[in-house]
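Note: hydrogens, waters and symmetry copies are ignored here, and every other heavy atom, side chains too, is used. All chains are named by letter (A, B, ...) in the order of the sequence lines, taking the proteins before the strands, and each is independently numbered beginning at 1. Given the structure is predicted, the values throughout are model-derived calculations rather than measurements.
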Amino acid sequence: MTRVRFAPSPTGNLHQGNIRTALFNYLFARHQGGKIILRIEDTDQERSQTDFEANIFADLRWLGFTFDEGIQEGGEVGPYRQSERLDLYKKSLEKLIAEQKAYACFCTADEIEVERKRALALGKSYRYQGKCRILKPEETQEKIQSGIKPSYRFKVDRDIIKFQDLVYGEKVFDTENIGDFIIARSSEIPVYLFACAVDDCLMQITHVIRGEDGMSNTPRQILIQRALGFEPPQFGHLPLILGADHTLLSKRNGSTSISELKQKGYLPQAILNYLALLGWSPPEAEEILSLDQLIQQFDLSRVARSSAIFDWGKLDHINQAHMLRMSETDYLTFAKKQLEGSSWISSLSPSELDSLLFTLRPNIKTFNDLSPWLSILLVLPEYNSEPAQEAFSDPTAKKVLESLAALLQEHEAQLKTKEFENVMEGVKKQTKLKGKKLFFPIRITLTGVHEGPELIPLMSALGKERILERIQRAIETIQHKESAKRAV
RNA sequence: GUCCCCAUCGUCUAGUGGCCUAGGACAUCGCCCUUUCACGGCGACGGCAUGGGUUCGACUCCCAUUGGGGACGCCA
């Protein structure tokens, strides 16, 4: 049975990088009909916060992930929060100490820091020199009894570690480059490397799929797992996601939390779809895929080995594609949720709002584009933009508007789409204008800008009253300009 | 600096020795559709980092160079 895990630490919110890792684990597990476990790695007590943990759960749920085992789901190999598994790690540590595979280290953080800096200055990679490794048992006992709290190091002997990476193929590491590393802090809390290695085995994880930045940890974890008598899981490393500056995604260069992405108006399925395309490619040409389709098509053998740069433009495109494919009710529900709290919701009747939202659908890339558009459509335009000046300086503009106003007056308060079409036909006949000459002045009059939704639907969404109000305003603007011109 | 990884259009990628005159997607530009913009359709632009091998034949295999990235914590 395939068992994978997603193991975030609650020291921050989930962002694109995390989610891509979660996604690939998820797709891998679901594709194989295996299980995915959610484990919280909170061994850094100073930085871990329960708020973050709650956010992580909320984000994962929003994105559409479901887990088979975890804090909320339960399961047989829990607890699923590392801070509740300390006795387990302690047992493992004691076993290693008893077998002389780990030892107490009394070097202080400051001492180590000095050593590291010296090594780096000399152009050598830092490794612990093993000062406490050669301590006699009596010396160790003595120091502990005198009240010094030691950290614990794993004893690394010369060896060649080989493993078959699920993505990168055969990997070979010489332990010569690895010094004895710390597995438990002087506070007795284990470090990530150790807790993670122990848990992956205790929780019977079969495949560890993580970012390539974890690669150098892998030989250490294999060492730990073997020393504990476990069979290490299989490892697969994923190429990294980089920011626009070609370095690891971070707050500086575009790393964005899920809640921010949500705020920016991206659909969960679009986020997942785009992230799946970063480092993986579907076997067939179609790129717009639902989560189910991704599960069906996913295969680690199609994962790339080179890092990928996060491209907001493509995310926008994929988001738009998903928006266009959503059912009308889903679209409206999501759009309204996004607009929650904004004045548009309260200032419009439900049917007016729905009709405006539909009219805007082909013109937006994210749900966040909705609000600015509504503002353009519903706030009276100023007509001082360049396209407006240009449109109104055409002598036929006024004729078009007057004709439109007159024809609209002939109708009852509420016109249907078909009637708007007829009105436009009428304007066309009366003015003998068509194409840009006909539509441009009207578009500008209604919105103040030269681009936007289709005109007929837009007119019917705005309604007769708003249109007349704008026409009057536009005509006044034109007249104002004309008289100013005459005065000169 | 040391170790590790990577290298196809600006970006994401297909490509596993002949199907490649290198395919697709985003972006950009043009045309068409729409009596307008957008949506949609069609098209253009644009790439195998360099140098050596191996081979009848290299984008594909090997080596080097160059370039980029990652890891070198009592962080995860």
Does the structure show a Watson-Crick or G-U wobble partner for B/C26, both distances under 3.5 Å? Name it, or say none.
B/G10

For A/H246 and B/G10, give me the distance from atom NE2 to atom P, rounded to whole Å.
11 Å

Protein-nucleotide distance (A/M459, atom CE; B/A38, atom P), rounded to Å:
20 Å

Spacing between A/F310 atom CZ and B/A25 atom P, to the nearest angstrom:
21 Å

Categorize A/R443 for me: base, sugar-phosphate, or nothing, with a 4.0 angstrom heavy-atom threshold over every strand shown.
base

Nucleotide N/O to protein N/O under 3.5 Å, stretch nucleotides 71-75 of chain B:
unit_1, atom_1, unit_2, atom_2, d
B/A71, O2', A/S216, OG, 2.4
B/G73, OP2, A/R116, NH1, 2.5
B/C74, O2, A/S186, N, 2.8
B/C74, O2, A/S186, OG, 3.0
B/C74, N3, A/S186, OG, 3.1
B/C74, N4, A/C107, O, 3.1
B/C75, OP2, A/R185, NE, 2.1
B/C75, OP2, A/R185, NH2, 2.4
B/C75, O3', A/R185, NH2, 3.0
B/C75, O2', A/D44, OD2, 2.8
B/C75, O2', A/R47, NH2, 2.7

A/S257 (side chain) donor-acceptor with A/N13 (main chain) under 3.5 angstrom
no

Please give the distance between the P atoms of B/U13 and B/C9 as a whole number of Å.
11 Å

Checking all strands, does A/Y168 fall into the base, sugar-phosphate, or nothing category for heavy-atom contacts under 4.0 angstrom?
sugar-phosphate

Base, sugar-phosphate, or nothing for A/L438, non-hydrogen atoms under 4.0 angstrom?
base

When rounded to whole Å, the CZ to P distance for the pair A/F439 and B/A38 reads 14 Å

Flag side-chain contact, heavy atom, 4.5 Å: A/E53 against A/R81:
yes

Mind running a 4.0 Å heavy-atom check of residues 235-244 of chain A against RNA chain B and sending the residues that fall below it, in number order?
A/L240

Report the base-pairing partner of B/C31 (Watson-Crick or G-U wobble, both distances below 3.5 angstrom), or none.
B/G41

With rounding to whole Å, what would you report as the distance between B/U8 and B/G47 at their P atoms?
14 Å

Identified pairing partner of B/A64, criterion: Watson-Crick or G-U wobble below 3.5 Å
B/U50

Checking base pairs now: Watson-Crick or wobble, both atom distances under 3.5 Å. What partners B/C75?
none

Using the side chain to side chain contact (heavy atoms under 4.5 Å, CB included) rule, pick out the option among A/V4, A/I209, A/I36, A/L294 that qualifies with A/L27.
A/L294

Any ion pair linking A/E94 and A/K91 (charged N to carboxylate O, less than 4.0 Å)?
no

Do A/E402 and A/K399 meet the salt-bridge criterion of a basic N to acidic O distance under 4.0 Å?
no

Whole-Å distance between B/G40 P and A/N363 CG?
11 Å

Scan A/E454 against the nucleic acid and name what it touches under 4.0 Å (heavy atoms): base, sugar-phosphate only, or nothing.
base

Side-chain contact, heavy-atom cut-off 4.5 Å: A/P10 with A/Q49?
no

Sole residue of A/Y103, A/Y152, A/Y192, A/F154 in ring pair (Phe, Tyr, Trp, His ring centres under 6.0 Å) with A/F181
A/F154

Would you mind reporting whether A/C196 and A/V191 have side-chain heavy atoms less than 4.5 Å apart?
no

Using nucleotides 26-28 of chain B, report all nitrogen or oxygen pairs with the protein that are shorter than 3.5 Å.
unit_1, atom_1, unit_2, atom_2, d
B/C26, OP1, A/H317, NE2, 3.2

Which nucleotide, in any strand shown, forms a Watson-Crick or G-U wobble pair with B/C59, with both distances under 3.5 Å?
none

Position toward the 5' end of RNA chain B (nearest nucleotide), A/V303 or A/E451
A/V303

Taking the six-membered ring of A/W312, is NZ or CZ of A/K264 closer than 6.0 Å to its centre and within 45° of its axis?
yes

Separation between the P atoms of B/U21 and B/C59, rounded to whole Å
9 Å

As an exercise, state the distance from CZ of A/F57 to CD1 of A/I71, rounded to the nearest 0.5 Å.
4.0 Å

Atom C1', compared across B/U60 and B/C48: separation rounded to whole Å:
10 Å

Is a donor on one side and an acceptor on the other found under 3.5 Å between the side chain of A/D159 and the backbone of A/I161?
no

Ring-face cation contact, A/F163 with A/K171, 6.0 Å cut, 45° max:
no

Does any pair with a residue in residues 5-14 of chain A pass salt bridge (Lys or Arg N to Asp or Glu O under 4.0 Å), and if so which ones, sequence neighbours excluded?
A/R5-A/D200

Taking B/A76 as the reference, what is the distance to B/A22 when you measure between their C1' atoms (whole Å, please)?
42 Å

Per nearest nucleotide of RNA chain B, the residue lying toward the 5' end, A/A308 or A/E425, is A/A308

Name the closest nucleotide to the A/S281 side chain, picking from B/C4, B/C6, B/A14.
B/A14

Please list, by residue number, the residues of residues 79-94 of chain A whose heavy atoms come closer than 4.0 Å to an atom of RNA chain B; answer none if no residue qualifies.
none

Between B/G24 atom P and A/Q297 atom CD, what is the distance in whole Å?
19 Å

Determine, for A/Y128 and A/R153, whether the Lys NZ or Arg CZ falls below 6.0 Å from the six-membered ring centre while staying within 45 degrees of the axis.
yes

From CG of A/L249 across to C1' of B/U11 the rounded distance in Å is 15 Å

Is any side-chain nitrogen or oxygen of A/K437 closer than 4.0 Å to OP1 or OP2 of B/U35?
no

Atom P, compared across B/U66 and B/C45: separation rounded to whole Å:
35 Å

Only pairs at least two apart or in different chains count here, so list each side-chain hydrogen bond (donor to acceptor under 3.5 Å, both in side chains) that has a residue in residues 297-306 of chain A.
A/S281-A/R302, A/D299-A/S301

Take atom C1' in B/A58 and the same atom in B/G18, then report the distance between them in whole Å.
9 Å

Please give the distance between the C1' atoms of B/C32 and B/G15 as a whole number of Å.
33 Å

Closest to the A/K171 side chain: B/C5, B/U35, B/C6?
B/C5

How far apart are the C-alpha atoms of A/W280 and A/F24, what are their side-chain angles, what is the distance that settles it, and do they pass the ring pair (Phe, Tyr, Trp, His ring centres under 6.0 Å) test?
CA-CA 9 Å; A/W280 175 80; A/F24 281 35; 7.3 Å; no

Would you give the length of the straight line joining atom CG of A/D316 to atom NZ of A/K314, rounded to the nearest 0.5 angstrom?
12.5 Å

Check every strand shown and say whether A/R302 touches a base, only sugar-phosphate, or nothing at a heavy-atom separation below 4.0 Å.
sugar-phosphate

Separation of B/C39 atom C1' from A/I456 atom CD1, nearest Å, is 16 Å

